[in-house]
Amino acid sequence: MISSACLIFNPVAGQGDPDFELDQIRSILEPEIDLDIYLTTEEVDADELARAAVERGVEAIIVSGGDGTLSAAAEAVVNTDIPFGIISRGTANAFAAALNIPNTIAAACQTILQGKTRTVDVAYCNDHPMVLLAGIGFEAETVEKADRETKNRFGMIAYILAGIQELGNLQRFAVEIETEDKIIKTLASAVTVANAAPPTSVLAQGPSGIIYDDGLLDLTIVSPENKTGAIAATFHLFQTAATGTPVERDDIGYLRAKQFKITTEPPQKVVIDGEIFGTTPVEIKCIPAGLTVYVPYVKEEIPTEKLDGLPNLTVEIK
Ligand SMILES: Nc1ncnc2c1ncn2[C@@H]1O[C@H](COP(=O)(O)OP(=O)(O)OP(=O)(O)O)[C@@H](O)[C@H]1O
């Protein structure tokens, strides 16, 4: 159990009351952990604060904010052994959902206090650390349209509204995907490379499940011919994600590899972990076990016995 930690808190993330939320975090954590608290500002982001904390040699880094804040801070912690605590207070909270971390403040704090950690893979996209996924094309356009003001007014609906608006502009582009052992060329509307992804990141859900500690990245190509096809493909991805089965439509493909080099014609926008990053080409490489995170302690509940229903059953306790 750690005795101290640096807490990085984004006061504008999500739609809650930041003073109340910070007090709540402090009231749960401070009886056990000595917190050194830093607030992000418009000028000083979580990446800079986390980098300084790494240099100071802190015992742990706990970050509270939306996916943008969590991702920025995680970048500084990648490839250090410093445990990373996640308290999600954002709009989408994909980070917590992808890594199976509770998304209420109280439960997230308890997870940190329990002290159980595990390593998860991360990736580098053109030398930029990535924990969840890189979205090329459709998703990047959607993220760009869901601005701060709309997110403050509508929360998660901001992303859905932006997605619907973007469907009207749906276009396919030529893509070349190079892995360790093959080169694939096709047309796509969206290409998503996921290290970890929550079920709500539908465009990443080509394979039957995205494993965040297998040393591999999962790439999904979505290539509908028109708007109707896009809606049908999205619905299919929703269903397969919910049932844990791989996709079966001709306009969706997927593959797994340690690294991908992706070129598109024309160049497409790219988002990494929900934040606009730049444009293609990109090279994305998996870094196995690059991040140590606090995870909930789950009691193994593997049944060791099943006798119910056997004919003429008697069980004598000795
Ligand atoms: N004090 C601040 N004032 C204004 N902007 C800030 C401040 N601190 C951080 N930011 C900005 O907040 C953004 C990150 O927000 P974050 O992703 O954490 O929350 P969110 O947008 O509500 O959540 P999500 O990413 O899940 O939609 C960054 O662009 C960062 O520059």
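Whatever order the structure lists ligands and atoms in, that order sets their numbers, starting from 1.
- Summarising the local packing, CZ of Arg26 is surrounded by 12 or fewer heavy atoms from other residues, nucleotides or ligands at distances under 6.0 Å.
- Every atom of ligand 1 with a heavy atom of Ala13 under 4.0 Å away is listed here by number and element: 18 (O), 19 (O), 22 (O).
- In the displayed structure, Glu248 atom CD is contacted under 6.0 Å by at most 12 heavy atoms of other residues, nucleotides or ligands.
- At most 12 heavy atoms of other shown residues, nucleotides or ligands fall within 6.0 angstrom of atom CG in Asp127.
- Short contacts between ligand 1 and Thr41, defined as distances under 4.0 Å to a heavy atom of the residue, involve ligand atoms 1 (N), 2 (C), 7 (C), 8 (N), 9 (C).
- Between the side chains of Ser64 and Arg89, at least one donor N or O lies within less than 3.5 Å of an accepting N or O.
- Residue-ligand proximity, Gly14 to ligand 1, at heavy-atom distances under 4.0 Å covers atoms 22 (O).
- Below 4.0 Å from some heavy atom of Asn93 lie the following atoms of ligand 1, by number and element: 26 (O).
- The shortest N/O to N/O separation between Arg89 and ligand 1 does not fall below 3.5 Å.
- At a heavy-atom distance under 4.0 Å, only side-chain atoms of Asn10, from C-beta outward, approach ligand 1.
- Residue Pro11 touches ligand 1 through its side chain alone, judged by heavy-atom distances below 4.0 Å.
- When non-hydrogen atoms are compared, ligand 1 lies under 4.0 Å from the backbone of Asp67 as well as from its side chain.
- Partners of His236 according to the ring-ring contact (aromatic ring centres under 6.0 Å, His included) rule, which considers only residues two or more places apart in sequence or in another chain, do not exist here.
- Here side-chain hydrogen bond (donor to acceptor under 3.5 Å, both in side chains) pairs that include residues 280-289, with residues two or more places apart or in two chains, are Thr264-Thr280.
- For Asp81, the CG atom sits in a loose shell: 12 or fewer heavy atoms of surrounding residues, nucleotides or ligands are nearer than 6.0 Å.
- For ligand 1, the polar-atom distance check against Gly90 finds no nitrogen or oxygen pair separated by under 3.5 Å.
- In this structure, Asp45 has no heavy atom closer than 4.0 Å to ligand 1.
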